Structures are given as C-alpha cells and as structure tokens.
Amino acid sequence: MTSTAPEARQGNDAGDRAGDQPPSWQQRLRRFGYTPRPETGLRERLVPPYTRPGRQFWDVLAVPPSLAARLVRWSAWGGPLLVALVAGVLRFWNLGSPKAVIFDETYYAKDSWALINQGYEGAWPKDVDKLILQDPSSVPVPVEPGYVVHPPVGKWIIGLGEQIFGFTPFGWRFMVALLGTVSVLMLCRIGRRLFRSTFLGCLAGTLLAVDGLHFVMSRTALLDLVLMFFVLAAFGCLLVDRDRSRRKLAAALPVDEDGVLRPDAGVAENLRLGWRPWRLAAGLMLGLAFATKWNGLYILAAFGVMTVLWDVGARRTAGALQPYRAVVLRDLLPAFLSTVPVALATYLASWTGWIVTDKGYYRDWAATAGRDSSWSWLPDWLRSLWHYETQVYEFHVGLTSGHTYESNPWSWIVLGRPVSYFYEEQAGCAASETGKCAREVLAIGTPLLWWAACAALLYVLWRWAFRRDWRAGAIACGVAAGWVPWFFYQERTIFLFYAVVFVPFLCLAVTMMVGALLGPASKAGGVREETDGGGGKESAGEGFTGKEFAEEEGVGEGDPAGERRRTVGAVVAGVLVLLIIWNFVYFWPVYTGASLPENAWRDRMWLDSWI
C-alpha cells in the first residue's frame, strides 16, 4: 500500500539551491498547513517511479522473490482487469430488466434505432413504446424527420447495441453497459498512473464499480454515461501525454560527472517536445464527448488549460527561468491544434448521417427559408446545420418547465434529489406488512461514497492549495469541469444524473483521501519499480517515501508512533471502504428494480426528498 503525496518541489535553478528560505507567502501559509515540498532528485521529479510492496510484504505471505516479481508485473493489468470483470458481471446481470422503456429511454432508444437504420432520427408516434416491447418487428421506422436536441454520437453507440441484439431493452442498454464496464478498467489504470500505486488505482476502480449512480446509468440507455466515458478517456490520454513529455525533457537534460541529472534553462526553455499522439487522441475523445452532449465543450476548455499548465510545471522543474514564456512559444500552438480543431472536426464528422441524407430535420433549411442569407456562399449542409444548432441552443437555455425530479446542482453532491427512472407497485405481496411490494430503479449515488466525497473534495482542495499537489489539482479540475457549468443555468430544468460525468473524479478524490489515511509504507516496504507492468517506462506522479513522511509528520521511520499511526489509518480506511461496499449492496434492489416489500423499500428512502 502507498499513500498519495505532493509532487516534489518544482522550482527554477535558484529555488533548487539548498538552504534557500521559502518566500514570505509560504511562511504565512504555514499556519494553514503548508509545508515546503521535500527535496528529491530532479530525475525523480520528472520521471518518478512506481511504488510496490517490498520484501517484508512478500515475506509475510511466504512468496519467493521470483514469484513476487511476476505477481507485481501481473498486477499492473491483472488487478484492473479483475475489478473490471466484477463490474461487468454486476452491470450485465439481468440487463434486460425491467422490461420497459424507462425514463428518457423513450427518446434515445427510438432515436438510436432510427439513426442506425436511416442516418437521421424519425418522428415517432405517441404511445408506441408498448408496441415496441411487444413486437418491435411490427413497428416501422418513421420516415418523417424528428426534432432532436442532442448530437448523434451517443445515439450511434446505443444503436450499435440495437443492431447486434435487436430493438429490445437488452439491445439498447448493451453498449452503455459495456462502456460503463470499460470505464471502470480505465479508472483503475488512470488511478494507478496518477498515484503510482496499483493498489490505489484498483481501489479507485472498485469505488466506481460500486457507485450507484454510475451503476444505474450503465444499465440505462441515456447519453450521460457515454459522455462520461469519453471525458474519462480524454483525461487518461492527457495523463499519458504528461508522462511522455516529461520523460523527453529528462532525456534531454545534462548529467554531471556523478551521473546526477541537472536542470538546464536552455534545454527547458527551447526544447521542442515534438509529436504528441496522446494529445491528439485526447482531442478525438473530447470531440466525441462534445458530439454526445454539448457540455463536453466546457470540459474541452478546462482540460485544455490543465494540460498547458502541466507543460508549464514540467519546464519549470527542468530549469526554465521563464516557464510560461517557454510554453507560449513552444507548446501553446501545438496544444491548441492537437485538441480544438481535432475536436471540432470530430463533431462535424459525427453528423455525417444527417449530412448525406436529404430528409433530416432542417436539412433543407439553407435551400428554402435560408436561401437569401448573406452566408449563402457556404455549403448548404453547413448553413443548415448551423441553423439547427442555434435552434437547439435556444431550446436548451429556454428549458424552464418544471419536473418532478429536477434538482439544483448545489444539492447534487449530497444527493438531495435523485431521479426515479422506473416505479411499479405490486399488490398482494405476502412478504409485506402492508400487503404491497414496490419495484424501483432510482438513479442515486451510493450515499456513503458521495458523502465521503464531500470530505474528500475539501481534502483535495486543501492539498492543491497548500501542498502544491498537481494530482489534487487534476482531480479538482475534472470535478469542476463536469459540475460548475451547470451553476450558470439556475433557471434551467436539470437533474442529478448529469453528475455521472464527474463521478470518476469523485472516486479519485476519495481514493486520495484513503491513501492519506493509510499513510506511507515503511522503508522496507517502500520498494520502487520503474516499469508500468507492460514493459514500458512511465513518469507521472510521485511515490511517498518514509523519509518524506517523517519530515511531514515529525516521526522517524522506526518510530512506534509512526507504526501506530499507519495501523490506525489502515483500519479507518478499510472500514470506510467496506461500509461503502455494504451500502451499495444494501441499495442494490432499488438500483436494479428488484421487488421489495413496501416497508423495506421505505427503509431505503433515507431522506424525504428521495421519494
């Protein structure tokens, strides 16, 4: 086990000299918990190794060294795959139940079926859902175009499952469940790279696997889980890009006669980092996110700023005296070109089905109502699409009609008002005291996980502000990008399930807090590994050595007080994780629509606003 810790001090040449006093602002912040970053080598700051259990851990388990080495290599992928397998079993179990069109599946399941069959969404007749459930083959796809208010990527993905498994509840939920399962695997690997710990990476994935909101959204044909998948994939791509760019900087820096890597202002300010395919991949993922739901555009902006700031930190660490100027001259334009144009091109390409047909909604606007426009020199399809987008934007900002399950984004983090996707009351239930049973699919996060995340977010913000931990800043950016934009639409009708976009980052925040509770391994257990388990070198966050812990906590590595602190921390962290898993199991019936006696159902409605 390993804890999370701040990245070693990133400074210029002057800041790296021993004996320098921290500036006055740092001295003032000490009363709030600020501590200077511990001194470590430049190579470890740019290319930090992974942590792994040391010999003491394997000796306790009586594992020979050769087998221990193989287990460590296997666990880098084996652990995440095992967590993802469990998540997949949970999500695909009885996926076709309830056999109903639940909540907004009434829009996306039918639009996806039309899209996959004719390239544009149709105008479905009212009350057609029952006919689809009885015999989908008897329901023709409507030729008349339908007015839709979301881009097509998420519906293309849902439609792919329908194409494979049919126009049934299992068919339209299949691809969403698959993406939900793969997102758990991605978060395990992202957490491992972020915290430099396989254990903490798998813990982050486990928390996502047992989050109720992510679980319900993985079993429902809505767009928000698809959006979350692409956002998380983009974050992972940027994280890999960060590692690789820092490795290139480290490789270009000079080494002194003792083999020690030294900062160099000339290299740090003038080195061109060259081809960065992972940043292009991030641009593609962000474009797919934007082409699923428009709030992906806010995330594109936030992640773009974040990756540029990462470049500033890397060049500063390498010795740049003017890191912002260096980034503006060397990195800013390539960063923009590899994300924004790629994302916009991806968005346009997602409308291909609408573009190549002549029957889509507003498809002929440029040739009819818009033929006298001053922009008539542009292609008709582009002008028609632009008109369509402006109409959709006006719809979104003007959507103020009340809804039973609408909620204010202020209440999301405490699960103030969840959304009931499906509810069915059953009479004549012998197991119930009232003679009634209830079936419900309630879109609500695992309460103990989300309430722990409230404390974890405060911890992350504190760590970012006072410990200068870049990982805390990255987590906070992911949460803010998915959450903060909704505060600008206070009058709009919005729902708690929109929060699924930043659920992975809540899990990372709780994992970071759990890592702090666990504390560092002892020196004997703090062995480091350089490989990523897949044969390649990696470089991202920092491990946390016993020396660094002693400097922060004032205890020696062999101090009994330190051992007691780690023992207590491990117990508290273990109890917290077990309670979260128990909480998910307890709410399982209202996540899956299982039949419950009415009194048992009411026992799970902990707040009146949940009913």
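A quick note: this is a predicted structure, and the numbers were derived from the prediction, not measured.
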Query raised in the report: Hey, does the Lys NZ or Arg CZ of Arg439 hover above the aromatic six-ring of Phe422, less than 6.0 Å from the centre and inside 45° of the axis?
Result: no
Query raised in the report: When the aromatic ring centroids of Phe505 and Phe235 are compared, is their separation below 6.0 Å?
Result: yes
**Report entry** Gln118 (side chain) donor-acceptor with Pro142 (main chain) under 3.5 angstrom
**Finding:** yes
Query raised in the report: Where the side chain of Trp354 meets the backbone of Tyr361, is there a donor-acceptor pair that is under 3.5 Å apart?
Result: yes
**Report entry** Atom CH2 of Trp386 with >12 non-hydrogen neighbours under 6.0 angstrom
**Finding:** no
Query raised in the report: So with a 6.0 Å cut-off around CD of Glu144, is the heavy-atom count from everything else above 12?
Result: no
Query raised in the report: Distance from Trp610 atom CH2 to Leu415 atom CG, nearest 0.5 Å?
Result: 6.0 Å
Requested in this report: Would you confirm whether Ser411, through its side chain, and Ser407, through its main-chain N or O, come within 3.5 Å as a donor-acceptor pair?
Outcome: no
Requested in this report: Taking atom OH of Tyr107 as the centre, report whether more than 12 heavy atoms of other residues, nucleotides or ligands fall under 6.0 Å from it.
Outcome: no
Query raised in the report: Would you find more than 12 non-hydrogen atoms of other residues, nucleotides or ligands less than 6.0 Å from Trp464 atom CH2?
Result: no
**Report entry** Under 3.5 Å: donor-acceptor pair, side chain of Glu105, backbone of Ile102
**Finding:** yes
Query raised in the report: Listed by chain and number, what are the side chain to side chain donor-acceptor pair (under 3.5 Å) partners of Thr292, not counting sequence neighbours?
Result: none
Requested in this report: Indicate yes or no for a side-chain donor-acceptor contact from Arg417 to the backbone of Glu406 under 3.5 Å, with no hydrogens or angles considered.
Outcome: no
Requested in this report: Give a yes/no verdict on a cation-pi contact between Arg242 and Trp470, requiring under 6.0 Å between NZ or CZ and the six-membered ring centre and an angle within 45° of the axis.
Outcome: yes
Report task. Verify whether the ring centers belonging to Trp93 and Trp588 lie closer than 6.0 Å. Result -> yes
**Report entry** Donor + acceptor pair across side chains of Thr307, Arg279 (<3.5 Å)
**Finding:** yes
Requested in this report: Keeping the roles fixed (side chain from Asn117, backbone from Trp113), state whether a donor-acceptor pair exists under 3.5 Å.
Outcome: yes
Query raised in the report: Going through the distances and angles, do Phe584 and Tyr591 end up as a ring pair (Phe, Tyr, Trp, His ring centres under 6.0 Å)?
Result: CA-CA 9 Å; Phe584 173 76; Tyr591 294 146; 5.6 Å; yes
Requested in this report: Indicate whether the side chain of Asp241 and that of Trp310 have a donor and an acceptor atom separated by less than 3.5 Å.
Outcome: no
Requested in this report: Could you tell me how the ring of His387 sits relative to the ring of Tyr362: parallel (under 30°), tilted (30 to 60°) or perpendicular (over 60°)?
Outcome: perpendicular
**Report entry** Test of ring centre spacing under 6.0 Å for Phe103 and Tyr405
**Finding:** no
Requested in this report: State whether the number of non-hydrogen atoms from other residues, nucleotides or ligands found under 6.0 Å of Trp294 atom CH2 is greater than 12.
Outcome: yes
**Report entry** Under 3.5 Å side-chain donor-acceptor pair for His214 and Thr446
**Finding:** no
Report task. Would you check if the side chain of Thr220 reaches a backbone N or O of Met217 as a donor-acceptor pair within less than 3.5 Å? Result -> no
Query raised in the report: Short question: side chain of Thr357, backbone of Lys359 - any donor-acceptor pair under 3.5 Å?
Result: yes
Query - Heavy-atom neighbours of Asp135 CG exceed 12 at 6.0 Å - result: yes
Query raised in the report: For Ser384, does its backbone N or O pair with a side-chain atom of Arg363 as donor and acceptor, under 3.5 Å?
Result: no
Query raised in the report: Can we say the SG-SG distance for Cys188 and Cys202 is below 2.5 Å?
Result: no
Report summary line: dist Lys155:NZ -> Leu115:CG (nearest 0.5 Å) comes out at 7.0 Å
Requested in this report: Check whether any side-chain N or O of Arg463 sits under 3.5 Å from a backbone N or O of Asp469 as a donor-acceptor pair, and report yes or no.
Outcome: no
Report task. Please round to the nearest 0.5 Å and tell me the distance separating atom OH of Tyr108 and atom CD of Glu121. Result -> 11.0 Å
**Report entry** Gap between atom CG of Leu187 and atom CZ of Arg192 - 0.5 Å precision
**Finding:** 14.0 Å
**Report entry** Trp410 CH2: over 12 foreign heavy atoms closer than 6.0 Å
**Finding:** no
Query raised in the report: For Tyr498, which of Phe487, Trp486, Trp483 qualifies under ring pair (Phe, Tyr, Trp, His ring centres under 6.0 Å)?
Result: Trp486
